[in-house]
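Proteins come first, then strands; the chains are lettered A, B, ... in the order of their sequence lines, and each starts at number 1. Since the structure is predicted, the reported quantities are computational estimates derived from the model, not experimental observations.
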Protein chains: 2
Amino acid sequence: MDKKEVTIYDIARQLGLSPSTISKGLKGHPTISQKTQRKIAATAESMGYRFNTFAANLRKNRTNTIGLIVPRLNSLFVSQVIAGIEKATNDAGYNLIISQSLEHMEKEVRNVKTMLSNRVDGLLVSLAEDTANFDHFNIFKEKSIPLLFFDRVPFGHDFPSVSINNEVAGYQVARHLIEQGAKKLVHITGNQLRNVYADRCAGFQRAIEEAGLPFTEEQLIISELSEAAGIAAASTIIDLKADGVFVSNDVCAASLMNEVQRRGFKVPGDILFAGFNNDMISRNVFPPLTTVDYPGFEMGELAAKSMLSHLNNQSDINLTENIIIKSSLVVRQSSMRG
Amino acid sequence: MDKKEVTIYDIARQLGLSPSTISKGLKGHPTISQKTQRKIAATAESMGYRFNTFAANLRKNRTNTIGLIVPRLNSLFVSQVIAGIEKATNDAGYNLIISQSLEHMEKEVRNVKTMLSNRVDGLLVSLAEDTANFDHFNIFKEKSIPLLFFDRVPFGHDFPSVSINNEVAGYQVARHLIEQGAKKLVHITGNQLRNVYADRCAGFQRAIEEAGLPFTEEQLIISELSEAAGIAAASTIIDLKADGVFVSNDVCAASLMNEVQRRGFKVPGDILFAGFNNDMISRNVFPPLTTVDYPGFEMGELAAKSMLSHLNNQSDINLTENIIIKSSLVVRQSSMRG
DNA sequence: TTGAAAGCGTTACCAT
DNA sequence: ATGGTAACGCTTTCAA
């Protein structure tokens, strides 16, 4: 059954033309007459011809493919970023190949290898939670393959990146909670290796200091920021007698807030809450959760466009460009006194 | 800067061996002595050799890659499926390339084309909402490339598939609402082209008939099942004086339930609610939402394993196999009277 | 245990 | 406007 694949040689033979003419004709090359182009297209179709990307890539040494590595696919934020990236890359005629590190450096390293063997023209990365060194990215500089980080970007490296100002965002949240009367603030955050968590945390601490409120280490809880972690954190929050809680993502914030209410505390009456991401759940939990809106789509689009412009201009992406996008505080009932 | 890529020829020259020896050595082929293998690995490493997948694929006419097309990436369900697929494919040494149709047939067709030019060894698909014909999948039969659908599977075609029994699940939900005292049931569903919606809908109707309750068309609302669609449906639900609402996904169910409560109705007091998917939001909305748990991870793993077994045994995947996985009703407060 | 050489399907240059 | 042909980097017989 499995008949052999049709090649441009077969089409050439069929039409009494040469392979190179077929190749050009298929691409709409202007030196091939309209008439032959149509003939070529028609017989290619009827013979069931499929373009062989490998052969072309091998020959051209260029794949028209951009790689994307994200920590996880299952967040609204990530899927918005991907939508933005897809829009930009599709418009430019690039393919996208996506993989997830599942928050582990080990998998991230494997993903990078796969991307390299697939000879992506460029790579977009948002780091795994526990990625502790960046050796697996060195090759990109050596081979001058454009590499750009977004959202979860490495500290202390001069790779180009697109992100929000997490320090400022964290500061704004904490400051808002303080303005609403919170005295004993707690921040639930993730792995401090990642800028998104460390920076928000720094902003949080700056707001507390600035307000002259006391601060001790116990007010910082490092967690997985999962639904389960939120529930698990409830006891600690209650024991600490916290009256303002800033959680570094909405999923964890929502489950924690629910658990605290289940145990008889009032929100926002007894404890103020704020999350991060403006995930769908922040609008649908009760009370609606104050959060930070995070322009995922724009971030993806910008990251991809930046990559594409480097790819097209051959300009050196390592003349580092760090793009910062605006985020905004969304105040809802969970953090409003009076 | 951009020095030329290192090839096995370069390694061969460096070591005074032949390219074929390098090729075999790199793969751990048993006819190459351990000593040479180590030497080869070491110099490959030190010369910065990168394996060229294209050349290999071109030669082998096989890619060790499985394609995956999903409607959207941003649902918990989909990401669980992907995790299951990744586990199975990784274990078997296959690569995965993922794309989303964004619920549109047009994009799905393009995605299929891309997968074909990337010469995937097999393709896993969950259909877009509006895919109305399946011509773009015919080529898989012609070329005997394994194609397997999961979750959103085509009606009236003999492609192999993995899914749950949506009719039974829909029946169970409706039946439960009826047992809890609902008399005027409404079902909010999606495009009836898709089995997941049409079958649940059929089950819903069967339960109503069986209970001898009246049924008219207005009790069926076709919507996008989005957060916004949920809010938009509130007025209709209220006007119809529905006392039991079954929504075909949790996102839409949650936003609708919230909107109805915002307008002063009690849940479950005045109206019973049930969703579908056991999404995170179903547990975190108030009141907790009755739903159907849907084994995404298992579905993905099974789909991938089935695909892999076809790829390895060369067995004809079209000797159709339709796998049905169990789903289960999760009863929560939103549908419990008394 | 290693090597020689053909071939995978395309592209791009140069020639006609 | 079309054709000839080498080259891309790897795998795989078959031979040594």
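Contact annotation for B:Gly25: no contact, since no heavy-atom pair falls under 4.0 Å across all strands. As judged by a 4.0 angstrom heavy-atom cut-off over every strand, B:Thr7 is placed among residues touching the sugar-phosphate backbone only.
If you take CG of A:Asp10 and C1' of C:dC8, they are 13 Å apart, rounded to a whole angstrom. When rounded to the nearest whole Å, the span between CZ of B:Arg59 and C1' of C:dT10 equals 16 Å. Atom CZ of B:Arg13 and atom P of C:dT2 are 19 Å apart (whole Å). One atom, CD1 of B:Ile22, and another, P of C:dT1, lie 16 Å apart when rounded to the nearest Å. One atom, CG of B:Leu15, and another, P of C:dT2, lie 11 Å apart when rounded to the nearest Å. Following rounding to the nearest Å, A:Asn61 (CG) and C:dT11 (C1') show an atom-to-atom distance of 12 Å.
At C:dG7, none of the side-chain N or O atoms of A:Tyr9 fall inside 4.0 Å of OP1 or OP2 (strictly under the cut-off). Contact check, B:Thr36 against C:dT2: a side-chain N or O comes under 4.0 Å of OP1 or OP2. Put simply, B:Ser33 has a side-chain N or O that comes within less than 4.0 Å of OP1 or OP2 on C:dT2. Of the side-chain N and O atoms in A:Lys24, none sit less than 4.0 angstrom from OP1 or OP2 of C:dT11. The phosphate of C:dG3 has OP1 or OP2 within less than 4.0 Å of a side-chain N or O from B:Thr21.
Comparing C:dT1, C:dA4, C:dG9 against the side chain of A:Ala55 picks out C:dG9 as the nearest.
Two residues, B:Ile32 and B:Leu58, neighbour DNA chain C, and the one matched to the more 5' nucleotide by heavy-atom proximity is B:Ile32. When each of B:Ser18 and A:Lys27 is assigned the nucleotide of DNA chain C bearing its nearest heavy atom, the one mapping closer to the 5' terminus is B:Ser18.
With respect to A:Glu129 and A:Arg72, no salt bridge is recorded, no charged nitrogen being found less than 4.0 Å from a carboxylate O.
Under the side chain to side chain contact (heavy atoms under 4.5 Å, CB included) rule, A:Leu123 has a single partner from A:Ile69, A:Ile145, A:Ile66, which is A:Ile69.
Checked against ring-ring contact (aromatic ring centres under 6.0 Å, His included), A:Phe137 has the following partners two or more places apart in sequence or in another chain: A:Phe149.
Side chains of A:Glu108 and A:Thr131: a donor-acceptor N/O pair is present below 3.5 angstrom, by distance only.
For NE2 of B:His104, the number of neighbouring non-hydrogen atoms (other residues, nucleotides, ligands) closer than 6.0 Å is 12 at most.
On the nucleic acid side, DNA chain D has its first and last nucleotide under 4.0 Å of a heavy atom of chain B at D:dG9 to D:dT13, going 5' to 3'.
Contact annotation: the side chain of B:Leu68 never approaches that of B:Ser99 to less than 4.5 Å [non-hydrogen atoms, C-beta and beyond].
Here the side chain of A:Thr89 pairs no donor or acceptor atom with the backbone of A:Asn95 at under 3.5 angstrom.
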